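None of the values given here were measured: they were computed from a predicted structure.
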2 protein chains.
Amino acid sequence: MATDRDSVLEAAVGVLSRRPTAHLDEIARAAGISRATLHRIFPGREALIREVGALGLRRFSTALDVAQVEQGSAEAALRRLVDAVVPDAALCAFLAGENQLYDDPEINDLWELQDARVRALFLRGQQEGTFRVELSAGWLSEAFFDLVAGIGWAVQEGRLAPRESAFSLAELFLDGALRRPDTP
Amino acid sequence: MATDRDSVLEAAVGVLSRRPTAHLDEIARAAGISRATLHRIFPGREALIREVGALGLRRFSTALDVAQVEQGSAEAALRRLVDAVVPDAALCAFLAGENQLYDDPEINDLWELQDARVRALFLRGQQEGTFRVELSAGWLSEAFFDLVAGIGWAVQEGRLAPRESAFSLAELFLDGALRRPDTP
DNA sequence: CCAGAGTGAGACACAAACGTCTCATCTGCG
DNA sequence: CGCAGATGAGACGTTTGTGTCTCACTCTGG
C-alpha cells in the first residue's frame, strides 16, 4: 500500500532532516517498524533516500498545483504557495540539505521542472511590476526555497511555532525586515 | 602552524558543504595533502569536523566584531554585518547543515553566544523602530542565517555571482521581494 | 481451530571507511 | 655531503553499517 510507504517516508524525513547520516536502525525505529520490514519495503538505503526525495518533490509539485501559481497576481500566487508549501516544509528542508540527491538524473529533472515553475512565477511578477527587478528571479527562487527549508528546520526543532510559520515566511520574504512608515 | 591548519580546514569546507559524507581521502586530496598527513594534523574525522565548525564560528564572531554590530543604527549595523559575513558564507553554510555539531557543548555554547548577539541586534532594531515587530527577533535571526547559508551554497555552485551576493542578501532581507512605489 | 501472510528479533557475511603503522622519498640546513 | 624532520604511498587490522537469511510469533480470514 502506498499509504504505508508514505508514512514510513514521513518518519524517515523526521530523522534524516536532522541527521542525514542516521542509521537505518534508527529510521526503522522512528517509523515504528523493524529493520527487516524496512528492507522489505525499500531495497536499501540509497533507494530509501531517493524515495524520500521523490516524495518531497511530489509534495512540492502538488503545492504548486493547489496554489495555482500560474493564476492571478504574482503576489497572491506566492502567498497561496506559502500556505500550500508550509505543511511540507520539513520535506523541503530535506531536499535542500541532500545535494547528493541531484546526482540522480530522474530526481534532478523533476527538480528542474518545479524550480522552473517557481522562477517563472518570479519572472512573471517582475514583468507585471510586483517583484523587484534588481534581484534576479533565480536568486528570488533560491532564497524562497532557503527560507522554506529554514522554516522546516525551525519548526521541527521547536524554535518556531507552526501557526506562525506561514505568516513569518510570507511577511519576511515579501516585505523584508525593515519597518516602514505607513504608506497609504 | 595555525595557518596550515586553517588552509586545510578551508579546503575541507569546500568539500564538506557540498557532500557532508565525503571520505577523508577526498578531503585530503582537496587540501593537497595525503590522508596520512591529514591524520597527523587532526586525530580523526570527528575532530576535523569539530575544528571546521569552530573555525566557522570564529569567523562569524570576528565578522560581528568588525561590523561593530553593537554600534550605530541597527540597519547600518546589519548592512555592515552582511558585508563582513559574505566572504565566509560557505563556512556558515556548513554550520547550518551540520546540526550534529551542536551535540558538542563547547561548540554549542559558542554558537549560542554569537546567535545571542545577532538576536540582540534585531531586538535593538525593533526597539528603535527600524525592524518590524510582527516578526520575532528569533525568526529574523534564524532567517538571516538561512539566507547567509543559501548565499554560501549558491556561490559555491556557481548559481550566484560573488559580487552580487552581498547586495542580494541585504536587499532581499531588509526590503523584501516586493517592488514598492517610490516613497519619498 | 487451522492455514497463511506478515512482522520482529537476531545471526551472519560482506563491504567500506577509518585509524595505525611502516618505509621510501623529498626538503632544508649545518 | 650528510642528517634530521616532514611528507606521500601503501599495507594492515578493526570497526561499523549494510544486506541477506532464518526462525518464532501474531493476527486475520476461512
Side-chain angles (χ1 to χ4, degrees), chain A residues 1-56 91 93-95 97-104 106-107, chain B residues 1-56 91 93-95 97-104 106-107:
Chain A
M1 343 230 144
T3 309
D4 204 11
R5 286 171 60 94
D6 282 15
S7 76
V8 172
L9 291 177
E10 301 240 28
V13 174
V15 179
L16 288 172
S17 65
R18 268 192 284 260
R19 202 139 34 78
T21 64
H23 309 321
L24 292 184
D25 217 349
E26 205 172 337
I27 297 172
R29 246 181 296 125
I33 61 178
S34 71
R35 198 163 66 91
T37 305
L38 184 60
H39 269 282
R40 285 188 190 104
I41 304 177
F42 304 102
R45 181 190 185 83
E46 194 181 353
L48 172 64
I49 301 274
R50 201 150 30 83
E51 295 266 6
V52 174
L55 175 65
L91 271 163
F94 175 80
L95 283 175
E98 210 73 3
N99 301 37
Q100 203 162 357
L101 270 171
Y102 303 99
D103 293 346
D104 183 19
E106 192 176 347
I107 295 280
Chain B
M1 344 230 141
T3 309
D4 204 12
R5 285 171 62 95
D6 282 15
S7 76
V8 171
L9 290 177
E10 300 240 28
V13 173
V15 179
L16 287 171
S17 65
R18 268 191 285 260
R19 205 142 31 78
T21 65
H23 309 322
L24 292 184
D25 218 349
E26 206 170 337
I27 298 172
R29 246 181 296 124
I33 61 178
S34 73
R35 197 163 66 92
T37 305
L38 183 62
H39 269 282
R40 286 187 189 105
I41 304 179
F42 304 103
R45 181 191 185 82
E46 195 181 352
L48 173 64
I49 302 273
R50 200 149 32 81
E51 295 265 6
V52 174
L55 175 65
L91 271 162
F94 176 80
L95 283 174
E98 208 73 5
N99 301 37
Q100 202 161 358
L101 270 172
Y102 303 99
D103 293 347
D104 182 20
E106 192 176 346
I107 295 280

Handout entry: Exercise: identify the closest heavy-atom pair between B:Leu24 and B:Leu38
Key = O-CD2, 3.7 Å
Practice task
Report yes if the side chains of B:Val13 and B:Glu10 come closer than 4.5 Å at any heavy-atom pair, otherwise no.
Solution key: no
Handout entry: Separation of atom CZ in B:Arg45 from atom P in D:dT16, rounded to whole Å
Key = 15 Å
Handout entry: Flag side-chain contact, heavy atom, 4.5 Å: A:Val52 against A:Leu91
Key = yes
Please tabulate the protein-to-nucleotide N/O contacts below 3.5 Å involving nucleotides 3-5 of chain D, giving atom names and distances.
none

Practice task
Could you list all the side-chain hydrogen bond (donor to acceptor under 3.5 Å, both in side chains) pairs where at least one residue sits in residues 46-55 of chain A, not counting sequence neighbours?
Solution key: A:Arg5-A:Glu51
Problem - Residue-level proximity of residues 23-30 of chain B to DNA chain C when a heavy atom falls under 4.0 Å - result: B:His23, B:Leu24
Practice task
Using only side-chain N and O atoms of B:Ser34, determine if any of them is under 4.0 Å from OP1 or OP2 of D:dT7.
Solution key: no
Problem - Nearest non-hydrogen partners of A:Ala22 and A:Val15, listed with the distance - result: CB-CG1, 3.5 Å
Handout entry: Listed once per pair and sorted, the salt bridge (Lys or Arg N to Asp or Glu O under 4.0 Å) pairs that draw on residues 25-38 of chain B, sequence neighbours left out
Key = B:Arg19-B:Glu26
Practice task
For the residue pair B:Glu98 and B:Leu16, establish whether any side-chain heavy-atom pair is separated by less than 4.5 Å.
Solution key: no
Identify the pairs formed between an N or O of the protein and an N or O of nucleotides 10-14 of chain D at a distance under 3.5 Å, and give each distance.
none

Problem - Closest approach of B:Ala11 to B:Ala31 (non-hydrogen atoms, all atoms of both residues) - result: CB-CA, 3.6 Å
Practice task
Grab the two heavy atoms, one from B:Ala54 and one from B:Ile107, that are nearest each other, plus how far apart they are.
Solution key: N-CD1, 3.9 Å
Practice task
Identify whether any heavy atom of A:Arg40 sits under 4.0 Å from a base atom; if not, whether one sits that close to sugar-phosphate; answer base, sugar-phosphate or nothing.
Solution key: base
Fill in the blank from the handout: On a heavy-atom basis, the closest approach of B:Leu95 and B:Gly53 is CD2-O, 3.7 Å
Handout entry: Range on DNA chain C touched by chain B - first to last nucleotide, heavy-atom distance under 4.0 Å
Key = C:dA17 to C:dT20
Problem - A:Leu9 and A:Leu48, any side-chain heavy atoms less than 4.5 Å apart - result: yes
Exercise for the section: Could you check if a side-chain atom of A:Phe94 sits within less than 4.5 angstrom of a side-chain atom of A:Ile49, using non-hydrogen atoms only? Expected result: yes
Handout entry: Selection from D:dT18, D:dG19, D:dG8 that lies nearest to any side-chain heavy atom of A:His39
Key = D:dG19
Practice task
Quick one: closest heavy-atom pair of A:Ala47 and A:Pro43, and the distance?
Solution key: CB-CD, 3.8 Å
